[in-house]
Amino acid sequence: MASRSSSTFPLAHWLAPVALLLAILIGGGGSPAPVPEIILQSATAFLFGLWIWMLPGRIADTVPGPALLCAAILLAVPLLQLIPLPPAVWHALPGRAAAREALALIGQQDRWQTISLDPARTLASFLAMASASAILVMTAAMPAVQRWRIVAVLAAGGILTVLLGAAQLSSSPGSPLYFYGSTAPLLAGFQANRNSTADVLLIAAIAIFALIRHLARSGRSPWSGGVILASGTAALLVMGLAVALTESRTGVVLLVVLAIGFGVFFRPWLRISPKVAMSSLLAAAGLIAVLHANPALNRVVQRFDAGSDLRREIWQDSVYVAQSNAPVGVGMGNFYPSYIAAERLESIGQTVPNRAHNDYLELAVEAGVPGALALVLCLAILLKSARSGLAAPRDDARQLARFAVLALIVIALHSVVDYPLRSMSLAAIAAACAGLVIPAKPDRTANNGSNHHESAA
């Protein structure tokens, strides 16, 4: 096909950061907020189409192979679930007896059916996954030096979340500042789920650490080691407090990852500035002591009462649904109706579980063995890419890989007790970080002026 001038393609490297910022700002409502999701999906599709139009050649010449493979694997799962199957095949699938009997009442039991029990829900899941895959591909196509724009967007998203959260905490119940109807006095930011907000803040804090390290090492910062370490400590304290104010229990536990990130990025200055390091620790301890009587933080402590948590009951019923529909699953997006149909009477309460509160278990329910294989394959690709990135000869490439790995660890750990990837915001963040993990292809435009930036880093 006719190729466009490579000199115009660097403009396309702004499209992934723009798509990511939009996802953070309007993608946090989840399935109960379909209108913002449709807007976000349409905007991402437009940006991706524009990106393809600006390509100087074939996609395979610009995008690293592992990124294309991950995107293809992710999208293959819902697409396979949407292929119509003959009656003899879908009748034999586990968990289809109720569907077969229901269709028999109207004489439609012998029509062709998909693996998905509700194709419309699976199609909606595919569209959401397509948006995340587009961000993955566009991010992976960015040269290493320009990938810091992604990190900057994640840091900015966290700062905007803190500013909005401060306004939310000072507002009255029912304030329109809570975009998704929350009336609780907590820091929600742009998300409907407090756990998603905590993840956004944790990843943003690690992004801030990485940016400070990048600026200091690239020679663009006139700061002394003490000032650099103090700046990182301030980011740690502010973002850590913001995470606590979301009242997310797992978010508070994952502050351990934030502390590890602080050590990873500021280790050189921790060695040369022991006095500043000790002062930082004392300041953190003092802040915790001062805020000990804060009612919002007390509510966080009270929420650690495991006796009021229903996750164990939900997990038990979810395992039953997964086993009943193995090995193919019920179809992406179909957890809720399948769970409600199988929920034990003794576990029914005043709240209606819309998720498994374990993304891995929910994937087993919806996608069965194919979903598990897809997850393992993508993890293997990312782990191999991470090893290359962490061992890269260039310091800035290593720092990008370290940031992305820590960010993905936050999401992976939180997925054990929640469903961060069911938020388009977090799905986009995970996709962007996966794109950062995958080593960039050599920048063909490096001789046009970006070489001196690379060497300075």
Side-chain angles (χ1 to χ4, degrees), residues 1 4 8-31 34 36-80 82 122-143 146-147 149-154 157 203 332-333 374-375 377-378 381-382 385 404 407-408 411 420-441:
M1 70 177 186
R4 302 189 179 275
T8 63
F9 189 62
L11 296 175
H13 297 319
W14 287 100
L15 299 180
V18 170
L20 179 59
L21 181 60
L22 287 174
I24 294 173
L25 298 181
I26 66 175
S31 54
E37 286 203 346
I38 292 173
I39 294 173
L40 177 59
Q41 290 167 8
S42 301
T44 304
F46 171 77
L47 292 172
F48 188 62
L50 182 60
W51 180 84
I52 291 177
W53 181 80
M54 299 176 76
L55 278 175
R58 299 182 306 166
I59 289 182
D61 294 333
T62 306
V63 183
L68 293 175
L69 184 56
C70 274
I73 291 171
L74 290 174
L75 296 179
V77 174
L79 284 178
L80 289 174
L82 292 173
T122 301
L123 178 59
S125 294
F126 169 78
L127 294 176
M129 294 169 69
S131 294
S133 298
I135 291 176
L136 164 62
V137 169
M138 290 191 291
T139 300
M142 299 174 72
Q146 297 183 16
R147 290 184 173 193
R149 296 172 184 172
I150 295 290
V151 184
V153 165
L154 292 171
I203 294 170
M332 297 300 296
L375 176 62
L377 287 173
C378 288
I381 292 170
L382 293 179
S385 297
L408 290 174
I411 295 174
L421 293 177
R422 305 295 170 154
S423 157
M424 286 194 67
S425 292
L426 267 298
I429 290 173
C433 292
L436 294 180
V437 164
I438 297 170
K441 284 197 170 187

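- Looking at heavy atoms from C-beta onward, I24 lies in side-chain contact with L154 at the 4.5 angstrom threshold.
- Across all their heavy atoms, K441 and A60 have their closest contact at NZ-O, 2.6 Å.
- To the nearest 0.5 Å, atoms CE (M332) and CG (L80) are separated by 12.0 Å.
- The shortest side-chain heavy-atom distance between L75 and M129 falls under the 4.5 Å cut-off.
- Between L20 and A432, the shortest heavy-atom distance links the atoms CD2-CB, 4.0 Å.
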Show me the side-chain donor-acceptor pairs of residues 41-50 shorter than 3.5 Å, one per line, residues at least two apart or across chains.
{"unit_1": "S42", "atom_1": "OG", "unit_2": "I38", "atom_2": "O", "d": "2.9"}
{"unit_1": "T44", "atom_1": "OG1", "unit_2": "L40", "atom_2": "O", "d": "2.8"}

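- Remark: R422 engages D359, E362, E366 in a salt bridge (charged side-chain N to carboxylate O under 4.0 Å, His left out) (not counting sequence neighbours).
- Listed for the T139 side chain is no donor-acceptor partner under 3.5 Å among the backbone atoms of G435.
- Side chains of L377 and L69 form no contact here, defined as non-hydrogen atoms less than 4.5 Å apart.
- To the nearest 0.5 Å, atom CD of residue E37 and atom CD1 of residue I26 are 9.5 Å apart.
- Note that CE of M424 is 7.5 Å distant from CD1 of I135, once rounded to the nearest 0.5 Å.
- Between L55 atom CG and I59 atom CD1 the span is 5.5 Å, to the nearest 0.5 Å.
- Within the 3.5 Å criterion, the main-chain N or O of M142 finds no donor-acceptor partner in the side chain of R149.
- Heavy-atom minimum distance, I438 versus P64: CG2-CB, 3.7 Å.
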Derivation and outcome, side-chain contact (heavy atoms from CB on, under 4.5 Å), residues V151 and L436: CA-CA 9 Å; V151 184; L436 294 180; 4.2 Å; yes
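- Contact check for F126 versus V77: no side-chain heavy atoms found under the 4.5 Å cut-off.
- Residues G28 and S423 come closest through the heavy atom pair CA-OG, 4.0 Å.
- At least one side-chain heavy atom of C433 sits less than 4.5 Å from a side-chain heavy atom of I429.
- Residues passing the side chain to side chain contact (heavy atoms under 4.5 Å, CB included) test with A434 are L136, L382, sequence neighbours excluded.
- Residues P78 and T122 share a closest heavy-atom pair of O-CG2, 3.8 Å.
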